Amino acid sequence: MIKAIYGTRDILPTNIHQWLNLESIIRKTMKAYNYSEIRTPVFEETALFSRSIGENTDIVSKEMYTFTDRGETSITLRPELTASVVRAFIEHSFDKIYNLSKLYYIGPAFRQERPQAGRLRQFHQFGAEAIGCEDPSLDAEMIIMAFRIISALGLKSLTVKINSLGLPAERDYYREKLREYLKPFLEKLSAESIKRFDSNVLRIFDSKDERDIKIMSSAPQLIDFLSESSLQHFETVKNALIAAEIPYEIDPALVRGLDYYTHTTFEIVSNSVGSQSALCGGGRYNGLVAELGGTDAPGVGFAAGMERILLACENENVFSVSPDALDVYVCRINNDFKNDAFQICLKLRDAGFAAEIDYLQRSVKAQMREANRLNSRFVAFIGGTEFLEGKIRIKDMPSGTEVEVKSSDMESLIRIIRKD
RNA sequence: GUGAGUGUAGCUCAGUUGGUUAGAGCGUCUGGUUGUGGCCCAGAAGGCCGUGGGUUCAAGUCCCAUCUCUCACCCCA
């Protein structure tokens with residue numbers, strides 16, 4: 001048996017309404033905040049990702065699905081969508097056409113990691129990018145919008161974490177200072193953290209090792225190395241969150257892994273999805289557009305994992321109601337008027353109703369069971385003595401009451417069904 | 001990439017110290033009404049017990065390998 005690739009999932013008809021519901025909340029909210037949808041290809045030139053996300057990040061160094069096409073171009077299935085959106089922004093000269101581009105996306109992304117709860121190899125993200133403006137209100141807008149979307153599903157137990165990484169120069173200087181501080185303790189750190197000392201010192205703050213935590217507790221803090229204007233930016237973001245009544249906490253250990261972040265970073269975490277608790281992550285990326293060859297346009301954005309969000313919904317037992325009920329089921333009393341029944345069913349569909357009919361020549365009882373299973377509001381009986389007399393019997397399923405209409409009179413048939 | 005665990009009907013799971021024809025609930029189908037659903041009742045279909053090898057008179061049960069999926073680490077959405 002051929003099965004779906006490890007780490008990929010089929011989204012089956014029984015679950016699809018959860019996805020449609022989430023998507024409709026996303027689209028509705030994005031519209032309210034005036035973000036426009038953009039759809040970009042699922043694969044891109046590999047260089048796009050290595051340059052934006054960072055050559056030595058885990059994503060680029062070991063998690064990308066990369067292959068060579070018939071020519072000799074190295075191609076990669078997108079591991080995230082920000083890089084693609086920025087690429088499209090530059091390619092279509094959005095900076096010259098719009099003062100500010102507010103864009104959102106929904107779509108699959110691919111990362112070759114070991115799957116676990118809340119982590120797949122093909123997963124779906126939605127997110128937004130605001131490119132062309134440095135105003136901290138936009139940082140706050142992102143956080144507020146993401147929080148509103150996730151809350152709208154009914155999820156509780158959400159935490160908003162924020163931090164500021166300042167400017168690259170400030171961070172570089174801080175990194176040096178942190179290494180200086182850590183050098184004397186180097187041998188006492190956990191093996192993981194010793195590796196991180198070279199690859200990504202800031203990550204040592206995340207360590208779960210008790211010795212590391214102790215050593216890091218008196219380490220210098222990035223916030224003390226930020227310039228006046230960086231601090232001011234951060235303050236403005238925090239004030240906007242307070243005004244919008246978004247409960248947040250400052251997490252100095254919140255160091256986003258992707259290289260392109262500056263100033264604000266944030267995450268929305270849930271404690272009901274297992275160990276992969278980040279539902280949403282984002283921040284400001286002022287150098288990214290220039291890095292990818294565009295004008296020096298500042299940007300801010302976020303990405304959220306749809307599977308994780310839906311997993312949280314499942315674990316918190318918040319489900320959207322399935323909207324797919326049938327309006328009318330056409331039931332054949334006998335097979336004498338098989339074609340008439342089919343034609344009536346087609347007419348009902350043309351009139352805009354969700355209508356179904358039996359194709360398996362099954363008994364009336366079986367057809368009724370099917371109508372019930374499909375949660376049909378009405379059943380139209382075709383055949384038997386009524387049909388010989390030119391009548392169709394209509395049953396209202398919830399009440400069980402039946403009425404008859406002339407089979408030549410489609411209009412009153414439609415009126416009965418539509419009345420509801 | 002590292003570690004731990006899992007694998008019996010479509011689904012969720014039982015299966016006694018290895019011992020005859022492998023079970024239940026749900027779901028599916030048929031019937032209980034010469035033409036009417038939900039509830040109820042009766043019956044039926046559906047399993048090379050993940051795969052390969054080994055131990056044994058005898059393996060779903062024990063051993064080895066392999067694959068699968070799950071969870072965690074790492075990292076991230």
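So you know, we letter chains A, B, ... as the sequences are listed, proteins then strands, and number each from 1. No experiment lies behind these values; they were computed from the predicted model shown. The figures here come from the full heavy-atom set of this structure, side chains too, leaving out hydrogens, waters and symmetry mates.
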(request) Pick the P atom in U51(B) and in G60(B), then give their distance to the nearest Å. (result) 11 Å
(message) Please report the distance separating the C1' of G15(B) from the corresponding atom of U70(B), rounded so that it comes out in whole Å.
(response) 23 Å
(message) Does Gly118(A) reach a base, just sugar-phosphate, or nothing at all? Heavy atoms under 4.0 Å.
(response) base
(message) Quick check, does Phe123(A) stack with A77(B)? I mean ring centres under 5.5 Å and planes off by under 30°.
(response) yes
(request) Would you mind reading off the distance between Leu374(A) atom CG and G37(B) atom C1', rounded to a whole angstrom? (result) 11 Å
(request) Answer yes if the side chains of Glu291(A) and Ser52(A) hold a donor-acceptor pair under 3.5 Å, and no otherwise. (result) no
(request) Can you tell me, in whole Å, how much space there is between the C1' of A59(B) and that of G52(B)? (result) 15 Å
(message) Is it the case that over 12 heavy atoms from other parts of the model lie below 6.0 angstrom from the CD atom of Glu45(A)?
(response) no
(request) Using the closest heavy atom to pick a nucleotide of RNA chain B for each, name whichever of Met397(A) or Leu120(A) lands nearer the 5' end. (result) Met397(A)
(request) Ignoring backbone atoms, test whether Arg373(A) places a side-chain nitrogen or oxygen under 4.0 Å from the OP1 or OP2 oxygen of C29(B). (result) yes
(request) Take the protein atom CD1 of Ile2(A) and the nucleotide atom P of C69(B), then report the distance between them rounded to whole Å. (result) 14 Å
(request) Name the pairing partner of G31(B), where a pair is Watson-Crick or G-U wobble with both distances under 3.5 Å, or state none. (result) C41(B)
(request) Measure distances between side-chain N and O atoms of Ser376(A) and base N and O atoms of G37(B), and say whether any donor-acceptor pair falls under 3.5 Å. (result) no
(message) On the six-membered ring of Phe197(A), is Arg179(A) placed so that its NZ or CZ lies under 6.0 angstrom from the centre and within 45° of the ring axis?
(response) yes
(message) In whole Å, I'd like the distance from the CZ atom of Phe49(A) to the P atom of A77(B).
(response) 14 Å
(request) Please measure how far the P atom in C64(B) lies from the corresponding atom in G25(B), and state the result in whole Å. (result) 36 Å
(message) Measuring only the C1' atom in each nucleotide, how far is C67(B) from G31(B)? A whole number of Å is fine.
(response) 44 Å
(message) Would you say Arg196(A) places a side-chain N or O within less than 4.0 Å of OP1 or OP2 belonging to C75(B)?
(response) yes
(message) Are more than 12 heavy atoms, taken from residues, nucleotides or ligands other than Ile5(A), located less than 6.0 Å from that residue's CD1 atom?
(response) no
(message) OP1 or OP2 of C29(B) versus the side-chain N and O atoms of Arg362(A): is any pair under 4.0 Å?
(response) yes
(request) Determine which nucleotide pairs with A65(B), using a 3.5 Å limit on both distances of a Watson-Crick or G-U wobble pair. (result) U51(B)
(message) If you assign Ala117(A) and Glu386(A) each to the RNA chain B nucleotide with the nearest heavy atom, which residue ends up on the more 5' nucleotide?
(response) Glu386(A)
(request) Tell me what Ala109(A) touches on the nucleic acid: a base, only sugar-phosphate, or nothing, going by heavy atoms under 4.0 Å. (result) nothing
(request) State whether a side-chain donor-acceptor pair under 3.5 Å links Ser230(A) with Glu170(A). (result) yes
(request) Round to the nearest Å and state the distance from Glu113(A) atom CD to G1(B) atom P. (result) 12 Å
(request) With Lys238(A) as the cation and Phe234(A) as the aromatic partner, state whether NZ or CZ is under 6.0 Å from the six-membered ring centre and within 45° of the axis. (result) yes
(message) Taking only side-chain N and O atoms of Arg9(A), does any of them lie within less than 4.0 angstrom of OP1 or OP2 on U70(B)?
(response) yes
(message) Without decimals, in angstroms, what is the distance between Glu192(A) CD and C75(B) C1'?
(response) 10 Å
(message) Regarding Arg362(A) and Glu370(A), does a basic nitrogen lie under 4.0 Å from an acidic carboxylate oxygen?
(response) yes
(request) Check every atom of C40(B), G35(B), C73(B) against the side chain of Gln276(A) and return the nucleotide holding the closest atom. (result) C73(B)
(message) Does the plane of the ring in Phe225(A) sit parallel, tilted or perpendicular to the ring in Tyr174(A)? Use 30° and 60° as the thresholds.
(response) tilted
(message) Please name the nucleotide paired to A24(B) by Watson-Crick or G-U wobble geometry with both distances under 3.5 Å, or report none.
(response) U12(B)
(message) Give me the distance, rounded to whole Å, that separates C73(B) from U66(B) when you measure between the P atoms they each carry.
(response) 26 Å
(request) Check the distance between G38(B)'s C1' and Asn375(A)'s CG and give it to me in whole angstrom. (result) 11 Å
(request) Could you tell me whether the phosphate oxygens of G35(B), OP1 or OP2, come under 4.0 Å of any side-chain nitrogen or oxygen in Ser363(A)? (result) no
(message) Using whole Å, what does the distance between atom C1' of nucleotide C75(B) and atom CG of Asn200(A) come to?
(response) 11 Å
(message) In this structure, how many angstroms lie between the P atom of C74(B) and the CD atom of Glu63(A), rounded?
(response) 13 Å
(message) Roughly how many Å apart are U6(B) and A14(B), using the P atom of each and rounding to a whole number?
(response) 12 Å
(request) Kindly say if Gln116(A) contacts the phosphate of A72(B), meaning a side-chain N or O under 4.0 Å from OP1 or OP2. (result) yes
(message) Using a distance-only criterion (donor-acceptor N/O pair, under 3.5 Å, no hydrogens), is the base of C74(B) paired with the side chain of Arg114(A)?
(response) no
(request) Select base, sugar-phosphate, or nothing to describe what Ile333(A) touches, counting heavy atoms under 4.0 Å on all strands. (result) base
(message) Taking the P atom in each of G50(B) and A9(B), what is the distance between them to the nearest angstrom?
(response) 8 Å
(message) Both distances below 3.5 Å, Watson-Crick or wobble geometry, any strand: find the nucleotide opposite A72(B).
(response) U2(B)
